[in-house]
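One structure is given below, encoded as structure tokens.
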There are 2 protein chains.
Amino acid sequence: MSDADLLFKALADPGRRKLMDRLHAHDGQTLSELCQHLDMTRQGVTQHLALLEAANLVAVRWRGREKLHFLNPVPLQEIYDRWIRKFERPRLKALRDLKRRLEEDGED
Amino acid sequence: MSDADLLFKALADPGRRKLMDRLHAHDGQTLSELCQHLDMTRQGVTQHLALLEAANLVAVRWRGREKLHFLNPVPLQEIYDRWIRKFERPRLKALRDLKRRLEEDGED
DNA sequence: TTGACATGCAAGTAGTTACTTGCATATAAT
DNA sequence: ATTATATGCAAGTAACTACTTGCATGTCAA
């Protein structure tokens, strides 16, 4: 499975995005900490985190019996480079263009 | 289903991302055109396009019996604003920070 | 060393997703 | 008018996903 697949798949789930948000609010939390305030079993959270790790969005460090989770923002930059910047045009111009083409009654 | 859900879900599939790429290469293609060079039945493509439309990433215009498809880059910009810029730090600093925290043997 | 805590591993299940096939409808061309 | 083209609609299926439960393992603390 390609990097991009893993990345987009990881981001596709709202629960996983919420985990990212929680880590963004407070980086380095343990699994148990992340489970609190989250309406899901620990095992559910574990599995979501595994996908985030597979996508390289989260890195872990062990401290004794605790697993600390850290956000890695780099892959998000890659999404930006490959998927956003590429499609980027001055926002207003893009909308104008789109609107014009949608409203054309003739052909291109 | 929230806008973000629709967006990320739409982008989660490689086939749909490929469709986006094809539209980026040549905007305004018909369904049949998009089907060519794509290893899938027309109906498969139709269903993918429906999700892209639901996410507002693709807009359509009818010309007679043909359905023309146009890329709308605006939602991608929203992903950037809410999901990338938010997590953005100077790239090198981010990596340095992450590495340091992962390698710490003490606690935070 | 015993008990509590943090996590891992494995199997099962309900719901979802991607994809196909077959038929129907509308527009265009001859 | 008839035929070909472009697309829509509906139902079926195989694979996948999110989630749970139960038990196992490793670490810390009294």
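Note that these values count all heavy atoms, side chains included, but never hydrogens, waters or copies made by symmetry. The model shown is predicted, which means the values in this text are computed figures rather than measured ones.
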- Query: What is the distance from atom CE of Met40(A) to atom CD of Gln47(A), rounded to the nearest 0.5 Å?
  - Reply: 10.0 Å
- Task: For His48(B) and for Arg42(A), locate the closest nucleotide of DNA chain C by heavy-atom distance; then report the residue assigned to the nucleotide nearer the 5' terminus.
- Result: Arg42(A)
- Note on the structure: Atom CD of Gln36(B) and atom C1' of dT5(D) are separated, to the nearest Å, by 13 Å
- Message: With ring pair (Phe, Tyr, Trp, His ring centres under 6.0 Å) as the test, pick out the partner of Tyr80(A) among Trp83(B), Phe87(B), Tyr80(B).
- Response: Tyr80(B)
- Message: Any base atoms under 4.0 Å from Thr41(A), or only sugar-phosphate, or nothing? Heavy atoms, all strands.
- Response: base
- Any donor-acceptor pair under 3.5 Å between the side chain of Arg65(B) and the base of dT5(D)? yes
- Query: On DNA chain D, nearest-nucleotide positions of Met40(A) versus Met1(A): which is more 5'?
  - Reply: Met1(A)
- Query: To the nearest angstrom, how far is Leu31(B) atom CG from dA6(D) atom P?
  - Reply: 10 Å
- Message: Looking only at the side chain of Thr30(B) (C-beta and beyond, no hydrogens), which of the listed nucleotides dT7(D), dT7(C), dC19(D) gets closest?
- Response: dT7(D)
- Do NZ/NE/NH1/NH2 and the carboxylate oxygens of Asp81(B) and Lys86(B) come within less than 4.0 Å? no
- Query: Hey, does Gly64(A) reach any base, or is it just sugar-phosphate, or nothing, if we go heavy atoms under 4.0 Å?
  - Reply: sugar-phosphate
- Query: Rounded to whole angstrom units, what separation is found between the CZ atom of Arg61(B) and the C1' atom of dT7(D)?
  - Reply: 17 Å
- Rounded to whole Å, CD of Gln47(A) lies from P of dT13(C) at a distance of 16 Å
- Euclidean distance, atom CZ of residue Arg63(B) to atom C1' of dT7(D) [Å, nearest integer]: 14 Å
- Query: Rounding to a whole Å, what distance do you find between Gln29(A):CD and dA6(C):P?
  - Reply: 14 Å
- Query: Between Lys9(A) and Glu33(B), which has a closest nucleotide on DNA chain D that is more 5'?
  - Reply: Glu33(B)
- Note on the structure: From CH2 of Trp62(B) across to P of dA6(D) the rounded distance in Å is 12 Å
- Message: Is there a side-chain contact (heavy atoms from CB on, under 4.5 Å) between His37(B) and Arg22(B)? Walk through the geometry before answering.
- Response: CA-CA 10 Å; His37(B) 321 292; Arg22(B) 296 194 66 77; 3.4 Å; yes
- Message: Please report the distance, rounded to the nearest Å, between CG in Leu34(A) and P in dA6(C).
- Response: 13 Å
- Please name all residues satisfying side chain to side chain contact (heavy atoms under 4.5 Å, CB included) with Arg42(B), sequence neighbours left out, ordered by chain then number. Leu31(B), Cys35(B), Thr46(B)
- Task: Indicate whether OP1 or OP2 belonging to dC5(C) is found under 4.0 Å from a side-chain N or O atom of Ser32(A).
- Result: no
